[in-house]
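First up is the structure itself, then whatever we jot down about it.
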Amino acid sequence: MLQLDIQRFAVPFRRTSKTKKRMRRTHLKKEVGAIEKCSKCGAAIRPHRACTKCGNYKNKEVISVSKEIEKAS
């Protein structure tokens with residue numbers, strides 16, 4: 001018997017054009033995350049996170065930034 005090398009999966013009948021391919025992928029773009037300003041120092045931060053510049057969250061100091069900088073040195 002003669003064995004034929006036949007593809008056993010679906011093969012597209014026609015090539016997909018660049019336009020059709022790009023139209024299908026239009027919703028796959030990345031979105032920019034939300035950014036807010038710190039109420040104390042005005043630095044740009046993500047919402048619901050403590051400020052890395054001054055250490056405040058909801059007008060309360062939760063991180064002492066000066067001590068953190070001394071530990072890193």
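- Here side-chain hydrogen bond (donor to acceptor under 3.5 Å, both in side chains) pairs that include residues 9-24, with residues two or more places apart or in two chains, number zero.
- Among residues two or more places apart in sequence or in another chain, the side-chain contact (heavy atoms from CB on, under 4.5 Å) test is passed with Glu36 by Pro47.
- Rounded to the nearest 0.5 angstrom, Cys51 SG and Glu61 CD are separated by 11.0 Å.
- Between Val62 and Ala50 the shortest heavy-atom distance is CG2-CB, 3.8 Å.
- Annotation: side chain of Asn56 is not in contact with side chain of Ser39 (no heavy-atom distance under 4.5 Å).
- Every residue two or more places apart in sequence or in another chain was checked for a side-chain contact (heavy atoms from CB on, under 4.5 Å) with Val32, and none qualifies.
- Note that NZ of Lys40 and NZ of Lys53 are 15.0 Å apart. Values are rounded to the nearest 0.5 Å.
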